[in-house]
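Report on the following structure.
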Protein chains: 2
Amino acid sequence: MDSTTDKGKVCVRILLVDDEAAILRFLKTVLDSEEFCVYKAENGRLAIAAAAAVRPDLILLDLGLPDMDGIEVIKRIREWSNVPIIVLSVREREEDKVTALDAGADDYLTKPFGVGELLARIRAALRHALQQAPAPVYKIDDLEVDLIRRRVTLAGVEIQLTPTEYDLLRLLVTNAGKVLTHRQILRQIWGAGYIEQPHVLRVNISNLRHKIEKDSSRPRYIVTEMGVGYRLKADFPENVGTKANG
Amino acid sequence: MDSTTDKGKVCVRILLVDDEAAILRFLKTVLDSEEFCVYKAENGRLAIAAAAAVRPDLILLDLGLPDMDGIEVIKRIREWSNVPIIVLSVREREEDKVTALDAGADDYLTKPFGVGELLARIRAALRHALQQAPAPVYKIDDLEVDLIRRRVTLAGVEIQLTPTEYDLLRLLVTNAGKVLTHRQILRQIWGAGYIEQPHVLRVNISNLRHKIEKDSSRPRYIVTEMGVGYRLKADFPENVGTKANG
DNA sequence: GAATGTATCAAGAAGATATCAAGATACGAC
DNA sequence: GTCGTATCTTGATATCTTCTTGATACATTC
């Protein structure tokens with residue numbers, strides 16, 4: 001269920017769109033070895049659906065698709081997304097390149113192309129995307145947690161947290177609204193060996209409260225669920241988690 | 001600085017870097033007819049100077065320059081600017097393309113190319129540029145870092161930094177506000193082989209602090225993020241990379 | 001009011017960071 | 001080429017933060 005909580009392990013997702021199985025296989029091998037997460041689509045309809053579902057960081061698109069023209073795919077995706085799209089095509093007429101680029105493609109490679117050049121162009125395209133990365137900020141009343149910048153502010157004032165305290169708060173924040181049992185938290189933060197030692201958790205919750213709660217004896221954010229665990233109050237249950245339904 | 005919107009007349013500035021007069025003339029004609037404002041440079045030194053002075057919205061760069069290699073020009077400009085750079089070159093070896101793209105070029109066209117394709121790729125590159133507006137000089141409190149002139153001043157007094165110290169500060173400055181992990185910094189400055197040696201980083205941070213901090217034991221600029229890395233304090237509390245526009 | 005679970009405080013241990021200084025290396029001047 | 005300077009690297013040590021643990025006070029439930 002919580003696939004997103006893998007200790008900050010990030011994987012750049014690439015959506016591969018091509019109808020030739022051989023090319024798909026070949027490219028998947030190449031991209032896998034570069035530690036990309038590869039998703040595949042064999043036609044335009046699936047490509048558009050996958051772009052919406054997977055939310056890839058980059059799309060490699062062949063123009064010759066069985067069900068619809070690649071240009072149309074670009075236009076449809078551009079209606080709602082700025083994900084980098086690199087076109088891979090056998091069409092080498094200048095007119096085709098111009099049409100694809102003006103439809104919203106970011107780059108255009110003519111087959112056959114070198115693997116090295118493809119990877120370099122992927123890196124270049126990803127550079128662009130990184131610069132406009134939106135920072136998901138969790139906000140509950142006066143409390144703001146910026147997971148990318150690793151910063152916590154209370155009414156605009158920055159709060160200094162120790163590494164463990166930050167990990168703990170991050171776990172609570174990414175599960176805002178849900179109750180986390182002692183055992184769940186202990187396993188996630190301290191490891192399976194600490195499941196039977198709730199004391200260390202209580203001490204850290206206490207320290208954390210003293211830093212983010214105005215009156216730590218009457219906590220507004222970190223609520224104790226007697227006999228069960230802890231829960232972070234969620235103000236915007238629908239808005240908070242940027243990951244759509246996990 | 002002179003903005004792009006002088007008296008309502010919007011002019012996209014393009015810097016043309018090539019040593020062949022014929023090509024310069026030809027491209028200027030093409031670009032003029034598209035209502036671009038064209039600036040020219042005939043060698044690498046002039047190109048870097050013009051990039052700083054003119055602040056073009058896009059650079060078309062030939063790799064074969066008389067005074068220095070085009071790759072070097074890309075790297076030097078990338079130290080302080082994210083302006084889109086499209087390489088135009090006769091070199092069609094894959095290795096050349098990869099080197100240029102990884103040095104920071106946004107696109108690579110092999111001569112001879114079609115004018116239509118060039119214009120389409122210019123339009124695509126300009127689309128990206130709309131979202132990013134980098135700060136050429138970083139300023140916070142008394143500290144000023146001029147990435148163009150490679151100069152650091154503290155309350156107006158120039159500070160002498162070693163090459164490593166400058167690289168380190170530049171990395172922090174271009175990511176002001178964000179936390180950079182030890183590993184990120186080590187990989188960027190010293191290379192992947194040093195990722196497991198945080199000592200060299202600590203020594204250099206210490207030296208840097210002694211030069212730019214008044215009280216190095218209570219740093220105002222370079223903040224330690226315990227257990228994580230370092231962060232340069234940003235004067236904007238909010239997102240730094242979002243379209244500052246002058 | 002007793003039993004169970006929870007919160008707080010404080011001190012030693014463990015770990016991470018900062019600093020100093022000496023040897024090694026690279027670079028420019030002569 | 002040799003010297004002198006600046007820079008980089010490496011090692012040892014000092015300083016500080018954070019973690020862990022134990023004792024004790026508080027709260028809730030029955």
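In what follows, chains carry the letters A, B, and so on, assigned in the order in which the sequence lines appear, proteins first and then strands, with residues in each chain numbered from 1. Keep in mind that this is a model prediction, so the values were computed, not measured. Side chains are part of it too, since the values below use all heavy atoms of this structure and drop only hydrogens, waters and symmetry mates.
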Give a yes/no on whether any side-chain N or O of [X] is located under 4.0 angstrom from OP1 or OP2 of [N].
{"X": "Q197(A)", "N": "dT20(D)", "answer": "no"}
{"X": "R202(B)", "N": "dA16(C)", "answer": "no"}
{"X": "Y230(B)", "N": "dA18(C)", "answer": "yes"}
{"X": "T224(B)", "N": "dA18(C)", "answer": "yes"}

Whole-Å gap separating [atom2] ([N]) and [atom1] ([X]):
{"X": "Y194(A)", "N": "dT21(D)", "atom1": "OH", "atom2": "C1'", "answer": "11 Å"}
{"X": "E213(A)", "N": "dA7(C)", "atom1": "CD", "atom2": "P", "answer": "11 Å"}
{"X": "I189(A)", "N": "dT20(D)", "atom1": "CD1", "atom2": "C1'", "answer": "16 Å"}
{"X": "R209(A)", "N": "dT8(C)", "atom1": "CZ", "atom2": "P", "answer": "7 Å"}
{"X": "I205(A)", "N": "dT6(C)", "atom1": "CD1", "atom2": "C1'", "answer": "11 Å"}
{"X": "L201(B)", "N": "dT10(D)", "atom1": "CG", "atom2": "P", "answer": "14 Å"}
{"X": "E225(A)", "N": "dT6(C)", "atom1": "CD", "atom2": "P", "answer": "11 Å"}
{"X": "H210(A)", "N": "dT6(C)", "atom1": "NE2", "atom2": "C1'", "answer": "13 Å"}

State which residues pass salt bridge (Lys or Arg N to Asp or Glu O under 4.0 Å) with [X]; sequence neighbours excluded, sorted by chain then number.
{"X": "R93(B)", "answer": "E95(B), D96(B)"}
{"X": "K214(B)", "answer": "D142(B)"}
{"X": "E34(A)", "answer": "none"}
{"X": "R55(A)", "answer": "none"}

| Whichever of V200(A) and N207(B) has its nearest DNA chain D nucleotide further upstream toward 5' | N207(B)
| said: What's the separation between atom CG in D106(B) and atom CZ in R121(A), rounded to the nearest 0.5 Å? | reply: 10.5 Å
| Do the side-chain N and O atoms of T224(A) and R209(A) include a donor-acceptor pair separated by under 3.5 angstrom? | yes
Can you check nucleotides 4-8 of chain D for protein contacts, nitrogen or oxygen pairs under 3.5 Å, and list what you find?
residue	atom	partner	partner atom	Å
dC8(D)	OP1	T164(B)	N	3.1
dC8(D)	OP1	T164(B)	OG1	2.2
dC8(D)	OP2	T162(B)	OG1	2.7
dC8(D)	O5'	T164(B)	OG1	3.4

Tell me every residue that passes side-chain contact (heavy atoms from CB on, under 4.5 Å) with [X], counting only those two or more places apart in sequence or in another chain.
{"X": "R231(A)", "answer": "V179(A), V223(A), E225(A)"}
{"X": "A125(A)", "answer": "L58(A), P84(A), I86(A)"}
{"X": "T153(B)", "answer": "E144(B), R151(B), E158(B)"}
{"X": "Q197(B)", "answer": "Y194(B)"}

| request: Salt-bridge test for R91(B) and D69(B): reply yes if a basic N is under 4.0 Å from a carboxylate O, no otherwise. | output: yes
| task | Give the B/S/- string for nucleotides 22-30 of chain D, one per nucleotide from 5' to 3', where a protein heavy atom under 4.0 Å of the base yields B, of only the sugar-phosphate yields S, and otherwise -. | result | BB----S--
| task | Would you please name every residue forming a ring-ring contact (aromatic ring centres under 6.0 Å, His included) with Y230(A), sequence neighbours left out? | result | H182(A)
| When the C1' atoms of the five terminal pairs at each end define the local axes, what inter-axis angle does the helix from dG1(C)-dC30(D) to dC30(C)-dG1(D) show, to 10 degrees? | 30°
